Protein chains: 2
Amino acid sequence: MIVYLSNFVIYTNAMYVVKADGRREEFDRSKIVRTCLRMGVPREVAEEIAAKVEQRSYDGISTREILQIVFELLSKHHHPSFRHRESLRDALSALRPKPDFEQYVRLFFREQGYTVLPNQIVRGRCLDYELDGIIEINGKKYMLEVKHHVNSHTRTGLEVCLAIYAKLLDLNKGYELGVSTIKFDGAIVVCNTKFTFHAIKYSECAGLILLGWNYPKEKNLSTLIEKMKLYPITYVKGFDKEVYEKLGDSGIVLLKQVVSAPVAELARVSGLDEELLSKFKEKAREILSKP
Amino acid sequence: MIVYLSNFVIYTNAMYVVKADGRREEFDRSKIVRTCLRMGVPREVAEEIAAKVEQRSYDGISTREILQIVFELLSKHHHPSFRHRESLRDALSALRPKPDFEQYVRLFFREQGYTVLPNQIVRGRCLDYELDGIIEINGKKYMLEVKHHVNSHTRTGLEVCLAIYAKLLDLNKGYELGVSTIKFDGAIVVCNTKFTFHAIKYSECAGLILLGWNYPKEKNLSTLIEKMKLYPITYVKGFDKEVYEKLGDSGIVLLKQVVSAPVAELARVSGLDEELLSKFKEKAREILSKP
(Lines give C-alpha, C1' and ligand atoms only; values in the text may rest on other atoms or scores of the structure.)
Protein backbone atom coordinates (compact mmCIF):
# COMPACT_ATOMS: atom_id res chain seq x y z
CA MET A 1 0.00 0.00 0.00
CA ILE A 2 2.60 2.46 1.07
CA VAL A 3 4.58 1.76 -2.08
CA TYR A 4 1.57 2.53 -4.27
CA LEU A 5 0.51 5.61 -2.37
CA SER A 6 3.96 7.15 -2.49
CA ASN A 7 3.53 7.54 -6.23
CA PHE A 8 0.76 10.02 -5.59
CA VAL A 9 2.41 12.20 -2.99
CA ILE A 10 2.81 15.70 -4.39
CA TYR A 11 5.86 17.46 -3.05
CA THR A 12 5.26 21.16 -2.71
CA ASN A 13 6.64 24.01 -0.70
CA ALA A 14 3.52 26.16 -1.14
CA MET A 15 1.79 27.21 2.05
CA TYR A 16 -1.82 28.33 1.70
CA VAL A 17 -3.71 30.88 3.72
CA VAL A 18 -7.49 30.66 4.21
CA LYS A 19 -9.20 34.04 3.82
CA ALA A 20 -12.29 35.19 5.69
CA ASP A 21 -14.55 34.37 2.74
CA GLY A 22 -13.15 30.83 2.57
CA ARG A 23 -10.93 31.32 -0.47
CA ARG A 24 -7.35 30.05 -0.30
CA GLU A 25 -4.34 31.94 -1.54
CA GLU A 26 -0.61 31.36 -1.33
CA PHE A 27 1.17 32.77 1.70
CA ASP A 28 2.66 36.12 0.69
CA ARG A 29 5.22 37.64 3.03
CA SER A 30 5.07 41.03 1.32
CA LYS A 31 1.42 41.42 2.34
CA ILE A 32 2.45 41.26 6.00
CA VAL A 33 5.16 43.82 5.41
CA ARG A 34 2.57 46.14 3.85
CA THR A 35 0.13 45.65 6.73
CA CYS A 36 2.87 46.65 9.18
CA LEU A 37 3.96 49.67 7.12
CA ARG A 38 0.34 50.85 6.99
CA MET A 39 0.35 50.84 10.77
CA GLY A 40 3.39 53.12 10.83
CA VAL A 41 5.98 50.44 11.61
CA PRO A 42 9.48 51.15 10.14
CA ARG A 43 10.36 48.92 7.19
CA GLU A 44 13.17 47.14 9.05
CA VAL A 45 10.85 46.05 11.84
CA ALA A 46 8.12 45.16 9.33
CA GLU A 47 10.46 42.80 7.43
CA GLU A 48 11.59 41.20 10.65
CA ILE A 49 8.02 40.62 11.82
CA ALA A 50 6.94 39.19 8.46
CA ALA A 51 9.79 36.68 8.61
CA LYS A 52 8.77 35.63 12.12
CA VAL A 53 5.12 35.26 11.08
CA GLU A 54 6.16 33.06 8.17
CA GLN A 55 8.06 30.78 10.56
CA ARG A 56 5.00 30.38 12.77
CA SER A 57 2.50 29.89 9.94
CA TYR A 58 1.31 26.53 8.60
CA ASP A 59 -0.66 25.35 5.61
CA GLY A 60 -4.33 26.27 6.09
CA ILE A 61 -3.75 29.07 8.59
CA SER A 62 -6.45 31.77 8.59
CA THR A 63 -5.74 35.42 7.78
CA ARG A 64 -7.31 36.23 11.13
CA GLU A 65 -4.76 34.12 12.98
CA ILE A 66 -1.94 35.71 11.00
CA LEU A 67 -3.16 39.14 12.04
CA GLN A 68 -3.24 38.03 15.66
CA ILE A 69 0.40 36.89 15.43
CA VAL A 70 1.34 40.22 13.82
CA PHE A 71 -0.30 42.14 16.66
CA GLU A 72 1.33 39.95 19.28
CA LEU A 73 4.79 40.44 17.77
CA LEU A 74 4.24 44.16 17.36
CA SER A 75 3.22 44.58 20.97
CA LYS A 76 6.18 42.49 22.17
CA HIS A 77 8.91 43.91 19.98
CA HIS A 78 7.73 47.20 18.71
CA HIS A 79 5.17 49.01 20.83
CA PRO A 80 3.08 47.90 23.79
CA SER A 81 -0.04 49.73 22.55
CA PHE A 82 -0.69 46.93 20.06
CA ARG A 83 -1.96 44.87 22.97
CA HIS A 84 -4.97 47.17 23.20
CA ARG A 85 -5.82 47.16 19.52
CA GLU A 86 -8.61 45.54 17.60
CA SER A 87 -7.91 45.10 13.89
CA LEU A 88 -8.99 48.29 12.14
CA ARG A 89 -11.32 46.41 9.82
CA ASP A 90 -13.13 44.74 12.73
CA ALA A 91 -13.17 48.04 14.64
CA LEU A 92 -15.03 49.81 11.81
CA SER A 93 -17.62 47.07 11.49
CA ALA A 94 -18.12 47.10 15.28
CA LEU A 95 -19.42 50.68 15.10
CA ARG A 96 -23.19 50.92 14.91
CA PRO A 97 -24.37 52.04 11.43
CA LYS A 98 -26.34 54.85 13.07
CA PRO A 99 -25.39 57.15 14.65
CA ASP A 100 -21.78 55.96 15.05
CA PHE A 101 -20.50 55.22 11.56
CA GLU A 102 -22.34 58.14 9.96
CA GLN A 103 -20.89 60.48 12.56
CA TYR A 104 -17.50 58.84 12.10
CA VAL A 105 -17.54 59.53 8.35
CA ARG A 106 -18.59 63.14 8.84
CA LEU A 107 -15.75 63.72 11.33
CA PHE A 108 -13.39 61.87 9.00
CA PHE A 109 -14.05 64.48 6.28
CA ARG A 110 -13.95 67.35 8.74
CA GLU A 111 -10.50 66.18 9.84
CA GLN A 112 -9.34 66.42 6.20
CA GLY A 113 -10.26 70.11 6.36
CA TYR A 114 -13.56 69.99 4.45
CA THR A 115 -16.81 71.68 5.45
CA VAL A 116 -19.34 69.02 6.43
CA LEU A 117 -23.00 69.69 7.06
CA PRO A 118 -24.85 67.14 9.19
CA ASN A 119 -27.58 64.74 8.03
CA GLN A 120 -30.70 66.48 6.77
CA ILE A 121 -33.75 66.08 4.59
CA VAL A 122 -33.54 67.62 1.11
CA ARG A 123 -36.36 67.78 -1.42
CA GLY A 124 -35.96 66.26 -4.84
CA ARG A 125 -38.41 66.32 -7.75
CA CYS A 126 -40.16 63.09 -6.78
CA LEU A 127 -39.38 62.63 -3.08
CA ASP A 128 -37.68 64.04 -0.01
CA TYR A 129 -34.42 62.24 0.80
CA GLU A 130 -32.59 62.04 4.08
CA LEU A 131 -28.93 62.64 3.31
CA ASP A 132 -26.16 61.43 5.61
CA GLY A 133 -24.41 64.76 5.14
CA ILE A 134 -23.25 67.35 2.63
CA ILE A 135 -19.54 67.88 1.99
CA GLU A 136 -18.02 71.00 0.46
CA ILE A 137 -14.74 70.56 -1.39
CA ASN A 138 -13.22 73.53 -3.25
CA GLY A 139 -16.57 75.31 -3.39
CA LYS A 140 -18.35 72.23 -4.75
CA LYS A 141 -21.16 70.47 -2.91
CA TYR A 142 -21.38 66.69 -2.63
CA MET A 143 -24.19 64.60 -1.26
CA LEU A 144 -22.79 62.11 1.27
CA GLU A 145 -24.09 58.56 1.34
CA VAL A 146 -22.76 56.23 4.03
CA LYS A 147 -23.04 52.42 3.86
CA HIS A 148 -22.09 50.28 6.83
CA HIS A 149 -21.81 46.49 6.93
CA VAL A 150 -21.64 44.66 10.24
CA ASN A 151 -19.86 41.82 8.44
CA SER A 152 -16.55 43.33 7.42
CA HIS A 153 -16.44 41.10 4.33
CA THR A 154 -19.80 42.08 2.83
CA ARG A 155 -19.27 44.15 -0.29
CA THR A 156 -21.26 47.14 -1.43
CA GLY A 157 -22.68 46.32 -4.85
CA LEU A 158 -23.83 47.88 -8.09
CA GLU A 159 -27.47 48.28 -7.07
CA VAL A 160 -26.48 50.66 -4.24
CA CYS A 161 -24.44 52.85 -6.62
CA LEU A 162 -27.18 52.93 -9.27
CA ALA A 163 -29.69 54.01 -6.61
CA ILE A 164 -27.40 56.79 -5.36
CA TYR A 165 -26.95 58.10 -8.89
CA ALA A 166 -30.73 58.21 -9.43
CA LYS A 167 -31.15 59.98 -6.08
CA LEU A 168 -28.55 62.59 -7.08
CA LEU A 169 -30.41 63.22 -10.35
CA ASP A 170 -33.73 63.59 -8.55
CA LEU A 171 -32.23 66.05 -6.06
CA ASN A 172 -30.78 68.17 -8.86
CA LYS A 173 -34.11 68.11 -10.70
CA GLY A 174 -35.61 69.39 -7.44
CA TYR A 175 -33.09 72.24 -7.50
CA GLU A 176 -33.97 73.07 -11.13
CA LEU A 177 -37.66 73.12 -10.22
CA GLY A 178 -36.93 75.44 -7.30
CA VAL A 179 -38.15 73.07 -4.56
CA SER A 180 -34.66 72.96 -3.02
CA THR A 181 -31.84 75.48 -2.77
CA ILE A 182 -28.93 73.04 -3.06
CA LYS A 183 -27.30 72.16 -6.36
CA PHE A 184 -25.06 69.13 -5.99
CA ASP A 185 -21.88 68.71 -8.00
CA GLY A 186 -21.70 65.02 -7.22
CA ALA A 187 -22.08 62.27 -4.64
CA ILE A 188 -19.57 60.64 -2.31
CA VAL A 189 -20.24 57.07 -1.20
CA VAL A 190 -18.34 55.87 1.85
CA CYS A 191 -18.37 52.25 2.94
CA ASN A 192 -16.46 50.40 5.69
CA THR A 193 -15.91 47.40 3.39
CA LYS A 194 -14.96 46.79 -0.23
CA PHE A 195 -17.02 47.59 -3.32
CA THR A 196 -17.79 45.00 -5.97
CA PHE A 197 -16.10 45.17 -9.36
CA HIS A 198 -19.32 46.32 -11.05
CA ALA A 199 -20.01 48.97 -8.40
CA ILE A 200 -16.55 50.44 -9.06
CA LYS A 201 -16.80 50.24 -12.83
CA TYR A 202 -20.22 51.92 -12.88
CA SER A 203 -19.27 54.63 -10.39
CA GLU A 204 -16.06 55.55 -12.22
CA CYS A 205 -18.07 55.89 -15.41
CA ALA A 206 -21.05 57.74 -13.88
CA GLY A 207 -18.86 60.07 -11.82
CA LEU A 208 -19.71 58.90 -8.31
CA ILE A 209 -16.84 59.24 -5.83
CA LEU A 210 -16.25 56.04 -3.87
CA LEU A 211 -14.26 55.61 -0.68
CA GLY A 212 -14.01 52.11 0.74
CA TRP A 213 -11.78 49.79 2.68
CA ASN A 214 -9.36 49.37 -0.23
CA TYR A 215 -10.64 51.79 -2.84
CA PRO A 216 -9.26 53.93 -4.41
CA LYS A 217 -5.96 52.12 -4.51
CA GLU A 218 -4.06 54.99 -2.93
CA LYS A 219 -5.80 57.15 -0.32
CA ASN A 220 -8.46 54.58 0.50
CA LEU A 221 -10.27 54.48 3.83
CA SER A 222 -7.75 52.23 5.59
CA THR A 223 -4.61 54.09 4.48
CA LEU A 224 -6.14 57.49 5.27
CA ILE A 225 -7.20 56.31 8.73
CA GLU A 226 -3.73 54.98 9.49
CA LYS A 227 -2.01 58.06 8.10
CA MET A 228 -4.13 60.53 10.04
CA LYS A 229 -4.69 58.23 13.02
CA LEU A 230 -8.45 58.64 12.72
CA TYR A 231 -9.08 55.47 14.71
CA PRO A 232 -12.64 54.74 15.81
CA ILE A 233 -13.34 54.22 19.51
CA THR A 234 -13.92 50.50 18.83
CA TYR A 235 -10.21 50.25 18.00
CA VAL A 236 -9.55 50.06 21.75
CA LYS A 237 -10.06 46.50 22.95
CA GLY A 238 -11.56 45.17 26.14
CA PHE A 239 -14.50 47.32 27.17
CA ASP A 240 -18.19 46.45 27.38
CA LYS A 241 -20.43 47.16 24.41
CA GLU A 242 -22.27 49.69 26.57
CA VAL A 243 -19.16 51.86 26.84
CA TYR A 244 -18.78 52.22 23.07
CA GLU A 245 -22.51 52.82 22.67
CA LYS A 246 -22.69 55.54 25.32
CA LEU A 247 -19.71 57.30 23.75
CA GLY A 248 -21.33 56.95 20.32
CA ASP A 249 -24.62 58.35 21.63
CA SER A 250 -22.66 61.42 22.77
CA GLY A 251 -21.14 61.90 19.31
CA ILE A 252 -17.73 60.61 20.42
CA VAL A 253 -16.53 58.11 17.83
CA LEU A 254 -12.83 58.99 17.34
CA LEU A 255 -9.97 58.17 19.71
CA LYS A 256 -8.76 61.74 19.07
CA GLN A 257 -11.96 63.04 20.66
CA VAL A 258 -11.46 60.87 23.73
CA VAL A 259 -7.86 61.98 24.19
CA SER A 260 -8.51 65.68 23.68
CA ALA A 261 -11.43 66.02 26.13
CA PRO A 262 -11.05 66.19 29.94
CA VAL A 263 -12.29 63.04 31.71
CA ALA A 264 -14.87 65.03 33.67
CA GLU A 265 -16.33 66.38 30.44
CA LEU A 266 -16.43 62.87 28.87
CA ALA A 267 -18.18 61.57 31.97
CA ARG A 268 -20.71 64.40 31.87
CA VAL A 269 -21.77 63.88 28.25
CA SER A 270 -21.67 60.06 28.23
CA GLY A 271 -22.86 59.24 31.75
CA LEU A 272 -19.94 56.81 32.10
CA ASP A 273 -17.79 56.34 35.16
CA GLU A 274 -14.70 58.63 35.44
CA GLU A 275 -12.37 55.83 36.50
CA LEU A 276 -13.37 53.69 33.54
CA LEU A 277 -12.98 56.65 31.20
CA SER A 278 -9.49 57.32 32.58
CA LYS A 279 -8.47 53.76 31.68
CA PHE A 280 -10.03 54.11 28.24
CA LYS A 281 -8.28 57.42 27.69
CA GLU A 282 -4.95 55.95 28.78
CA LYS A 283 -5.18 53.16 26.22
CA ALA A 284 -6.30 55.59 23.53
CA ARG A 285 -3.38 57.85 24.27
CA GLU A 286 -0.96 54.92 24.10
CA ILE A 287 -2.33 53.93 20.68
CA LEU A 288 -2.19 57.45 19.30
CA SER A 289 1.28 58.19 20.71
CA LYS A 290 3.34 55.84 18.55
CA PRO A 291 4.03 54.40 16.06
CA MET B 1 -61.77 42.77 43.85
CA ILE B 2 -64.44 41.95 41.31
CA VAL B 3 -66.35 45.09 42.15
CA TYR B 4 -63.31 47.27 41.56
CA LEU B 5 -62.23 45.55 38.37
CA SER B 6 -65.67 45.82 36.82
CA ASN B 7 -65.16 49.57 36.60
CA PHE B 8 -62.37 49.01 34.11
CA VAL B 9 -64.02 46.55 31.78
CA ILE B 10 -64.35 48.08 28.35
CA TYR B 11 -67.38 46.84 26.49
CA THR B 12 -66.65 46.52 22.80
CA ASN B 13 -67.97 44.59 19.87
CA ALA B 14 -64.79 45.07 17.82
CA MET B 15 -63.09 41.87 16.68
CA TYR B 16 -59.48 42.22 15.62
CA VAL B 17 -57.59 40.28 12.99
CA VAL B 18 -53.83 39.73 13.24
CA LYS B 19 -52.09 40.23 9.90
CA ALA B 20 -49.01 38.37 8.69
CA ASP B 21 -46.72 41.24 9.65
CA GLY B 22 -48.13 41.30 13.19
CA ARG B 23 -50.31 44.39 12.79
CA ARG B 24 -53.91 44.22 14.03
CA GLU B 25 -56.88 45.58 12.18
CA GLU B 26 -60.60 45.41 12.72
CA PHE B 27 -62.42 42.46 11.15
CA ASP B 28 -63.87 43.65 7.86
CA ARG B 29 -66.43 41.42 6.22
CA SER B 30 -66.25 43.29 2.90
CA LYS B 31 -62.61 42.21 2.50
CA ILE B 32 -63.68 38.58 2.48
CA VAL B 33 -66.37 39.34 -0.08
CA ARG B 34 -63.75 40.98 -2.28
CA THR B 35 -61.36 38.02 -1.93
CA CYS B 36 -64.11 35.67 -3.06
CA LEU B 37 -65.14 37.89 -5.98
CA ARG B 38 -61.51 38.03 -7.12
CA MET B 39 -61.57 34.24 -7.31
CA GLY B 40 -64.60 34.34 -9.60
CA VAL B 41 -67.22 33.47 -6.99
CA PRO B 42 -70.68 35.03 -7.65
CA ARG B 43 -71.54 37.88 -5.28
CA GLU B 44 -74.39 35.99 -3.60
CA VAL B 45 -72.12 33.10 -2.63
CA ALA B 46 -69.38 35.54 -1.62
CA GLU B 47 -71.68 37.36 0.80
CA GLU B 48 -72.88 34.07 2.27
CA ILE B 49 -69.34 32.81 2.80
CA ALA B 50 -68.24 36.10 4.39
CA ALA B 51 -71.08 35.85 6.86
CA LYS B 52 -70.12 32.28 7.77
CA VAL B 53 -66.48 33.25 8.19
CA GLU B 54 -67.48 36.06 10.52
CA GLN B 55 -69.43 33.59 12.68
CA ARG B 56 -66.43 31.32 13.01
CA SER B 57 -63.87 34.11 13.65
CA TYR B 58 -62.70 35.26 17.08
CA ASP B 59 -60.70 38.18 18.40
CA GLY B 60 -57.03 37.70 17.51
CA ILE B 61 -57.64 35.32 14.58
CA SER B 62 -54.91 35.42 11.92
CA THR B 63 -55.57 36.38 8.30
CA ARG B 64 -54.05 33.04 7.34
CA GLU B 65 -56.64 31.15 9.34
CA ILE B 66 -59.41 33.26 7.83
CA LEU B 67 -58.18 32.36 4.35
CA GLN B 68 -58.18 28.68 5.30
CA ILE B 69 -61.80 28.91 6.42
CA VAL B 70 -62.70 30.69 3.16
CA PHE B 71 -61.09 27.91 1.10
CA GLU B 72 -62.76 25.21 3.16
CA LEU B 73 -66.20 26.80 2.71
CA LEU B 74 -65.60 27.38 -1.00
CA SER B 75 -64.62 23.77 -1.59
CA LYS B 76 -67.60 22.54 0.41
CA HIS B 77 -70.30 24.84 -0.92
CA HIS B 78 -69.10 26.26 -4.14
CA HIS B 79 -66.55 24.21 -6.04
CA PRO B 80 -64.50 21.15 -5.08
CA SER B 81 -61.36 22.44 -6.85
CA PHE B 82 -60.70 24.77 -3.91
CA ARG B 83 -59.46 21.71 -2.02
CA HIS B 84 -56.44 21.58 -4.32
CA ARG B 85 -55.55 25.24 -4.10
CA GLU B 86 -52.75 27.00 -2.34
CA SER B 87 -53.44 30.68 -1.68
CA LEU B 88 -52.32 32.59 -4.77
CA ARG B 89 -50.00 34.78 -2.73
CA ASP B 90 -48.21 31.77 -1.26
CA ALA B 91 -48.15 30.05 -4.64
CA LEU B 92 -46.29 32.97 -6.23
CA SER B 93 -43.69 33.10 -3.49
CA ALA B 94 -43.21 29.33 -3.74
CA LEU B 95 -41.90 29.72 -7.30
CA ARG B 96 -38.12 29.92 -7.50
CA PRO B 97 -36.94 33.46 -8.40
CA LYS B 98 -34.95 31.97 -11.32
CA PRO B 99 -35.90 30.54 -13.70
CA ASP B 100 -39.54 30.06 -12.57
CA PHE B 101 -40.78 33.52 -11.62
CA GLU B 102 -38.92 35.29 -14.43
CA GLN B 103 -40.37 32.84 -16.91
CA TYR B 104 -43.79 33.22 -15.26
CA VAL B 105 -43.73 36.99 -15.74
CA ARG B 106 -42.65 36.72 -19.37
CA LEU B 107 -45.51 34.29 -20.10
CA PHE B 108 -47.87 36.53 -18.13
CA PHE B 109 -47.17 39.38 -20.57
CA ARG B 110 -47.27 37.09 -23.59
CA GLU B 111 -50.74 35.96 -22.48
CA GLN B 112 -51.88 39.61 -22.52
CA GLY B 113 -50.92 39.68 -26.20
CA TYR B 114 -47.63 41.56 -25.96
CA THR B 115 -44.38 40.64 -27.69
CA VAL B 116 -41.88 39.49 -25.07
CA LEU B 117 -38.20 38.89 -25.79
CA PRO B 118 -36.38 36.60 -23.35
CA ASN B 119 -33.66 37.59 -20.88
CA GLN B 120 -30.53 38.94 -22.51
CA ILE B 121 -27.47 41.08 -21.95
CA VAL B 122 -27.64 44.64 -23.29
CA ARG B 123 -24.82 47.17 -23.27
CA GLY B 124 -25.21 50.49 -21.53
CA ARG B 125 -22.76 53.38 -21.42
CA CYS B 126 -21.01 52.20 -18.25
CA LEU B 127 -21.81 48.50 -18.04
CA ASP B 128 -23.52 45.52 -19.62
CA TYR B 129 -26.78 44.60 -17.90
CA GLU B 130 -28.65 41.33 -17.89
CA LEU B 131 -32.29 42.16 -18.48
CA ASP B 132 -35.09 39.81 -17.42
CA GLY B 133 -36.80 40.49 -20.73
CA ILE B 134 -37.94 43.18 -23.16
CA ILE B 135 -41.65 43.87 -23.67
CA GLU B 136 -43.16 45.60 -26.68
CA ILE B 137 -46.42 47.43 -26.15
CA ASN B 138 -47.92 49.47 -29.00
CA GLY B 139 -44.57 49.71 -30.75
CA LYS B 140 -42.80 50.87 -27.58
CA LYS B 141 -39.99 48.90 -25.94
CA TYR B 142 -39.81 48.39 -22.20
CA MET B 143 -37.01 46.88 -20.19
CA LEU B 144 -38.43 44.22 -17.86
CA GLU B 145 -37.14 43.90 -14.32
CA VAL B 146 -38.50 41.11 -12.14
CA LYS B 147 -38.22 41.02 -8.34
CA HIS B 148 -39.20 37.95 -6.40
CA HIS B 149 -39.48 37.61 -2.63
CA VAL B 150 -39.67 34.19 -0.98
CA ASN B 151 -41.45 35.82 1.95
CA SER B 152 -44.76 36.95 0.47
CA HIS B 153 -44.87 39.91 2.88
CA THR B 154 -41.49 41.44 2.02
CA ARG B 155 -42.02 44.67 0.13
CA THR B 156 -39.99 46.00 -2.76
CA GLY B 157 -38.56 49.33 -1.74
CA LEU B 158 -37.41 52.67 -3.06
CA GLU B 159 -33.76 51.65 -3.52
CA VAL B 160 -34.74 48.99 -6.07
CA CYS B 161 -36.77 51.49 -8.11
CA LEU B 162 -34.03 54.13 -8.01
CA ALA B 163 -31.52 51.54 -9.25
CA ILE B 164 -33.80 50.48 -12.13
CA TYR B 165 -34.23 54.08 -13.20
CA ALA B 166 -30.45 54.60 -13.26
CA LYS B 167 -30.03 51.36 -15.23
CA LEU B 168 -32.62 52.55 -17.79
CA LEU B 169 -30.74 55.83 -18.20
CA ASP B 170 -27.42 54.03 -18.65
CA LEU B 171 -28.93 51.71 -21.28
CA ASN B 172 -30.35 54.65 -23.23
CA LYS B 173 -27.02 56.47 -23.05
CA GLY B 174 -25.53 53.30 -24.51
CA TYR B 175 -28.01 53.55 -27.37
CA GLU B 176 -27.13 57.22 -27.95
CA LEU B 177 -23.44 56.30 -28.06
CA GLY B 178 -24.19 53.54 -30.53
CA VAL B 179 -23.00 50.64 -28.36
CA SER B 180 -26.50 49.11 -28.34
CA THR B 181 -29.30 49.05 -30.91
CA ILE B 182 -32.23 49.18 -28.47
CA LYS B 183 -33.84 52.42 -27.39
CA PHE B 184 -36.09 51.88 -24.39
CA ASP B 185 -39.25 53.86 -23.86
CA GLY B 186 -39.47 52.86 -20.23
CA ALA B 187 -39.10 50.13 -17.64
CA ILE B 188 -41.63 47.70 -16.18
CA VAL B 189 -40.99 46.39 -12.69
CA VAL B 190 -42.90 43.27 -11.68
CA CYS B 191 -42.88 41.96 -8.14
CA ASN B 192 -44.80 39.11 -6.45
CA THR B 193 -45.36 41.21 -3.33
CA LYS B 194 -46.30 44.80 -2.50
CA PHE B 195 -44.22 47.92 -3.12
CA THR B 196 -43.45 50.40 -0.37
CA PHE B 197 -45.13 53.80 -0.32
CA HIS B 198 -41.90 55.54 -1.36
CA ALA B 199 -41.20 53.06 -4.16
CA ILE B 200 -44.66 53.81 -5.61
CA LYS B 201 -44.39 57.57 -5.16
CA TYR B 202 -40.96 57.72 -6.82
CA SER B 203 -41.92 55.41 -9.69
CA GLU B 204 -45.12 57.29 -10.51
CA CYS B 205 -43.09 60.51 -10.64
CA ALA B 206 -40.11 59.06 -12.55
CA GLY B 207 -42.31 57.16 -15.02
CA LEU B 208 -41.48 53.59 -14.06
CA ILE B 209 -44.35 51.14 -14.58
CA LEU B 210 -44.95 49.00 -11.51
CA LEU B 211 -46.96 45.81 -11.28
CA GLY B 212 -47.22 44.18 -7.87
CA TRP B 213 -49.48 42.12 -5.67
CA ASN B 214 -51.87 45.00 -5.08
CA TYR B 215 -50.59 47.75 -7.34
CA PRO B 216 -51.93 49.44 -9.39
CA LYS B 217 -55.26 49.48 -7.60
CA GLU B 218 -57.16 48.08 -10.58
CA LYS B 219 -55.43 45.59 -12.86
CA ASN B 220 -52.78 44.59 -10.34
CA LEU B 221 -50.98 41.26 -10.44
CA SER B 222 -53.52 39.38 -8.30
CA THR B 223 -56.64 40.64 -10.11
CA LEU B 224 -55.11 40.01 -13.56
CA ILE B 225 -54.07 36.49 -12.58
CA GLU B 226 -57.56 35.67 -11.31
CA LYS B 227 -59.26 37.28 -14.30
CA MET B 228 -57.14 35.47 -16.89
CA LYS B 229 -56.60 32.34 -14.77
CA LEU B 230 -52.84 32.65 -15.15
CA TYR B 231 -52.23 30.49 -12.10
CA PRO B 232 -48.67 29.31 -11.41
CA ILE B 233 -48.00 25.57 -11.11
CA THR B 234 -47.44 26.02 -7.36
CA TYR B 235 -51.14 26.87 -7.06
CA VAL B 236 -51.83 23.13 -7.10
CA LYS B 237 -51.36 21.73 -3.62
CA GLY B 238 -49.86 18.46 -2.48
CA PHE B 239 -46.91 17.53 -4.68
CA ASP B 240 -43.24 17.25 -3.78
CA LYS B 241 -40.97 20.22 -4.31
CA GLU B 242 -39.13 18.21 -6.96
CA VAL B 243 -42.24 18.10 -9.17
CA TYR B 244 -42.59 21.88 -9.29
CA GLU B 245 -38.85 22.28 -9.86
CA LYS B 246 -38.68 19.80 -12.73
CA LEU B 247 -41.64 21.48 -14.40
CA GLY B 248 -40.00 24.88 -13.85
CA ASP B 249 -36.71 23.64 -15.30
CA SER B 250 -38.65 22.71 -18.43
CA GLY B 251 -40.18 26.19 -18.74
CA ILE B 252 -43.59 25.04 -17.53
CA VAL B 253 -44.80 27.47 -14.88
CA LEU B 254 -48.48 28.03 -15.75
CA LEU B 255 -51.35 25.63 -15.07
CA LYS B 256 -52.53 26.49 -18.60
CA GLN B 257 -49.35 24.96 -19.97
CA VAL B 258 -49.90 21.78 -18.00
CA VAL B 259 -53.48 21.42 -19.15
CA SER B 260 -52.82 22.13 -22.83
CA ALA B 261 -49.90 19.70 -23.27
CA PRO B 262 -50.29 15.90 -23.67
CA VAL B 263 -49.09 13.94 -20.63
CA ALA B 264 -46.52 12.06 -22.74
CA GLU B 265 -45.02 15.38 -23.86
CA LEU B 266 -44.95 16.74 -20.29
CA ALA B 267 -43.22 13.54 -19.17
CA ARG B 268 -40.66 13.81 -21.95
CA VAL B 269 -39.59 17.39 -21.22
CA SER B 270 -39.72 17.18 -17.42
CA GLY B 271 -38.56 13.59 -16.82
CA LEU B 272 -41.49 13.13 -14.42
CA ASP B 273 -43.66 10.05 -14.13
CA GLU B 274 -46.73 9.94 -16.43
CA GLU B 275 -49.09 8.74 -13.71
CA LEU B 276 -48.06 11.55 -11.40
CA LEU B 277 -48.43 14.06 -14.23
CA SER B 278 -51.93 12.77 -14.97
CA LYS B 279 -52.93 13.45 -11.38
CA PHE B 280 -51.36 16.89 -11.52
CA LYS B 281 -53.11 17.66 -14.78
CA GLU B 282 -56.45 16.49 -13.40
CA LYS B 283 -56.21 18.88 -10.46
CA ALA B 284 -55.04 21.70 -12.73
CA ARG B 285 -58.00 21.12 -15.04
CA GLU B 286 -60.42 21.14 -12.11
CA ILE B 287 -59.02 24.48 -10.90
CA LEU B 288 -59.12 26.08 -14.35
CA SER B 289 -62.59 24.77 -15.17
CA LYS B 290 -64.68 26.81 -12.71
CA PRO B 291 -65.31 29.20 -11.12
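Computed from a predicted structure; not experimentally measured. Chain naming here is simple, since letters A, B, ... match the order of the sequence lines and numbering starts at 1 in each.
Applying a 4.5 Å heavy-atom cutoff, the residues of residues 113-138 of chain B that approach chain A are Arg125(B), Cys126(B), Leu127(B), Tyr129(B).
Of the charged side-chain nitrogens involved, at least one lies within less than 4.0 Å of a carboxylate oxygen, so that Glu25(B) and Lys31(B) count as a salt-bridged pair. Classification of Lys183(A) and Glu176(A) as a salt-bridged pair fails, no side-chain N sitting under 4.0 Å from a carboxylate O. In summary, Glu145(A) and Lys147(A) engage in a salt bridge, as defined by a charged side-chain N under 4.0 Å from a carboxylate O. Under a 4.0 Å N-O distance rule, the pair Lys19(A)/Asp21(A) does not qualify as a salt bridge.
Remark: the Ser93(B) side chain and the Asp90(B) side chain contain no N/O donor-acceptor pair separated by less than 3.5 Å.
Contact of Ile164(B) with chain A is not made at all, since no heavy-atom distance falls under 4.5 Å.
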Check: residues 193-206 of chain B side-chain donor-acceptor pairs under 3.5 Å, at least two apart:
{"unit_1": "Thr193(B)", "atom_1": "OG1", "unit_2": "Thr154(B)", "atom_2": "O", "d": "2.6"}
{"unit_1": "Thr196(B)", "atom_1": "OG1", "unit_2": "Ala199(B)", "atom_2": "N", "d": "3.1"}
{"unit_1": "Ser203(B)", "atom_1": "OG", "unit_2": "Ala199(B)", "atom_2": "O", "d": "2.8"}
{"unit_1": "Glu204(B)", "atom_1": "OE2", "unit_2": "Tyr215(B)", "atom_2": "OH", "d": "2.4"}

